Protein chains: 2
Amino acid sequence: MDRRKSQPASPIPPTNVGLRDVAKAAGVSTATVSRAMNMPEVVSVELRERIATAIRDLGWVPHGAARALATRRSGAIGAVFPTLSHGDFARAAEGLQGELTAHGYTLLLGCSQYDLAQEYQLVRQFVEGGVDAIALVGTTHQTELTELLTRRRVPYVNTFNYDPLQQVDCIGPDNRKAMRALANHLIAQGHRRFGVIAQSVQNNDRAAARLQGIRDALAEAGLSIRPNHFTEGRWSIAEGRALFSTIIARNPWPTAIICGNAFLAVGAVLEALSRNIKLPGDLSIVGYDDVEIMRELPVPITTLRVRSDDVGRRAANYLIAALNGRRTDIALECDVEIVERLSSGPPRRRLAAGQHKAFVSGDEGPKRREL
Amino acid sequence: MDRRKSQPASPIPPTNVGLRDVAKAAGVSTATVSRAMNMPEVVSVELRERIATAIRDLGWVPHGAARALATRRSGAIGAVFPTLSHGDFARAAEGLQGELTAHGYTLLLGCSQYDLAQEYQLVRQFVEGGVDAIALVGTTHQTELTELLTRRRVPYVNTFNYDPLQQVDCIGPDNRKAMRALANHLIAQGHRRFGVIAQSVQNNDRAAARLQGIRDALAEAGLSIRPNHFTEGRWSIAEGRALFSTIIARNPWPTAIICGNAFLAVGAVLEALSRNIKLPGDLSIVGYDDVEIMRELPVPITTLRVRSDDVGRRAANYLIAALNGRRTDIALECDVEIVERLSSGPPRRRLAAGQHKAFVSGDEGPKRREL
DNA sequence: TTGTAAGCGTTATCAC
DNA sequence: GTGATAACGCTTACAA
């Protein structure tokens, strides 16, 4: 049972090699070694090579904390996401990390679980850890958080909730505009009764913006969401199913259901399929965010596509630019694209037969809505 | 010798408050402030409170790099995952981060894109950044990597590929054993011809172990995978579909198809459904890893469940224990559970009618395999 | 181009 | 308990 790797104590070479050891070995001063690392072009080729050799021989690895202390730059950039396992945050984190690494920065990552207090704690931990800059999700944070960042002069960006009216920079899609466009699209197709499976607005300004976008579009068309047709969930497919069931339990049905995120939409569609409801003949369902499963389901789902990895990458570049004092020309708003698939279309059954796959289930009699 | 450079009078309040400022304000020495932070019980209550007040008033935030330099501990722990957007790594990362944060550590995260050279680069960057310990995925790494970690005496763990025979500690499931069990389960149900949609073994020892597990089980039963029935992919649903199509294009069909990961399995099942192939009547399909969509599809998918978040948490505790010199009693092997769902069952059509949902597609004539 | 030496902001080892 | 003060390992004027 015991298989701890015992420290091979002795066979290990030098362990505490420092800059001075390298300098000594190369027969130069510590300053020169430092320069050879940070401004090579300023050191003569000969010395550079002698130093390189010494470094290799000694296996020296520079000490980050010491460098950070001296330069007042840690090379670390923090990011706090609500979560990594839902939505597109994992992709954004990957894009962010890739871009940071490409520029020699390192990523400190934290998940707030959609909790503003946790977000603040993480940011504080990062600041103490000495991050040079920070990326946040959304525009709503505890006031202590922004105060801390401002006082310590730590550059930061918000992400995933671009809003032209907002004072502070935020890189990402305009959730409100995007959902408004999607709702308008459905309205243009003739839909008048809308169901909504919203993402919980709790500590989630992106969700709030999306919901507002829907309301905007409906209001402009003189419509509104019946309380009966409004539900709220978080991210699971199971929730999407349950809330979908709730909505269609009331009469009359909406002709279109807008879901606040991808998983809720997947759940709604799967539940519709298992109830033998024809999409989009009987009902249209649309989502937000595009994940692979959405285009692979028996009835692929209409949704809004955001390049989340790009959000991460832009956030990285924004912060790096800020750190270099460069005025950033990075576009804050990220494009959103309506990806139209078979789960939505004009209401009633105006769709030509055979244009969509039908799903037949044996275990429940087909429920039909009243028209 | 006043080393405080006069501040360039700015609108923003104090920015460079340091430990000495706090000390001065509280009328104590820097040593006492430091103690008040790190060993409060050793400082008199009165001073402790005066110090606390001073800290609050000045808004002092300790400087991590300085502390790291003095203590030779950064409080940062690095982790390199192949990716965050496939598999269960996001969950593991979240578990790892949560546990680390709970213990006052901070997480440095990197994605290697399944590339060992990138993995090494990231580890190197982390080591230079001064991480106290590192978590890795898999047991296969560049030799420079382990050399570096050993020389610098940086504790590390491997994850996601426990192997009782391996010399080095690895926290995670025993992929080989798990897949062997799953294959044995299918064999016990009567399957004899197996198709495999393996995950690419390229830089992925977990995938290799899974494949070996399948081969083990088959060999023990005197079986083997026909070259015709063996395919390899990476992670996409689309690939799963394509490879499934490849396999069933050859006769005879296998009676069961084992997929190397969750998404390949989802793709295989969706393709089977769209071809009107009855699961598990005509064919059994199983996967590895349990993601929500697997249990929500019209035909839920049999798979192996691993608590990836737990892998992350255990890795965190393992490293923390190592850093504290505690002998760790953390179990390395993580349990894997076979989750049996409707996508698999005895071969041929021995399943009672109605026990599974049928899927009918209008756009392709049902292809039947030769028996 | 290279060397000298003064910090960078804490912690830790001493005395008191 | 508390206070000087020397590290910690590197960068960076300032000199040479």
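Naming convention: chains lettered A, B, ... in sequence-line order (proteins, then strands); numbering from 1 in each chain. The structure displayed is predicted, hence computed values, not measured ones.
Boundaries of the chain B contact region on DNA chain D are D:dG1 to D:dG9, first to last in 5' to 3' order (nucleotide atom under 4.0 Å from a heavy atom).
Applying the 4.0 Å criterion to OP1 and OP2 of C:dG9, one finds that A:Arg72 has a side-chain N or O inside that range.
Residues forming a side-chain hydrogen bond (donor to acceptor under 3.5 Å, both in side chains) with A:Asn203 (at least two apart in sequence, or on another chain): none. For B:Glu128, the salt bridge (charged side-chain N to carboxylate O under 4.0 Å, His left out) test picks out B:Arg124, with sequence neighbours left out.
Between the CD1 atom of A:Ile77 and the CG atom of A:Leu96 there is a distance of 7.5 Å, given to the nearest 0.5 Å. B:Leu148 CG to B:Arg153 CZ: the interatomic distance, rounded to the nearest 0.5 Å, is 13.0 Å. Interatomic distance, CG of B:Leu69 versus CZ of A:Arg67, reported as 13.0 Å (0.5 Å rounding).
Between A:Phe89 and A:Phe81, the angle of the ring planes lies from 30° to 60°, which puts this pair in the tilted group.
With rounding to whole Å, B:His63 atom NE2 is found 13 Å from C:dG7 atom C1'. The distance from atom CG of A:Leu69 to atom C1' of C:dT10 is 8 Å, rounded to the nearest whole Å. Protein atom CZ of A:Arg48 is 11 Å distant from nucleotide atom C1' of C:dT1, rounded to whole Å. Atom pair B:Trp60:CH2 and C:dG9:P shows a separation of 12 Å (rounding to whole Å applied). Atom CZ in B:Arg73 sits roughly 14 Å away from atom C1' in C:dT11 (whole-Å rounding).
A heavy-atom distance below 4.5 Å is found between the side chains of B:Gln97 and A:Leu122. In this structure, B:Pro62 and B:Leu19 have side chains that are not in contact, with every pair of non-hydrogen atoms separated by 4.5 Å or more.
Only A:Thr30, A:Ala31, A:Thr32, A:Arg35, A:Val42, A:Val43, A:Ser44, listed by number, bring a heavy atom of residues 30-45 of chain A to less than 4.0 angstrom from any atom of DNA chain C.
Taking 4.0 Å as the cut-off between side-chain N and carboxylate O, A:Arg313 and A:Asp310 count as a salt-bridged pair.
The rotation axes computed at either terminus of the helix from C:dT1-D:dA16 to C:dC16-D:dG1 lie 30° apart, taking five pairs at each end and rounding to 10 degrees.
Of the residues near DNA chain C, A:Val28 and B:Pro62, the one whose nearest nucleotide (by heavy atom distance) lies more toward the 5' end is A:Val28.
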Per-pair distances, 0.1 Å, donor-acceptor, side chain in residues 105-112 of chain B, under 3.5 Å, sequence neighbours excluded:
| from | atom 1 | to | atom 2 | distance (Å) |
| --- | --- | --- | --- | --- |
| B:Ser112 | OG | B:Tyr114 | N | 3.3 |

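With 3.5 Å as the limit, one finds a donor-acceptor pair spanning the side chains of A:Asp205 and A:Thr139.
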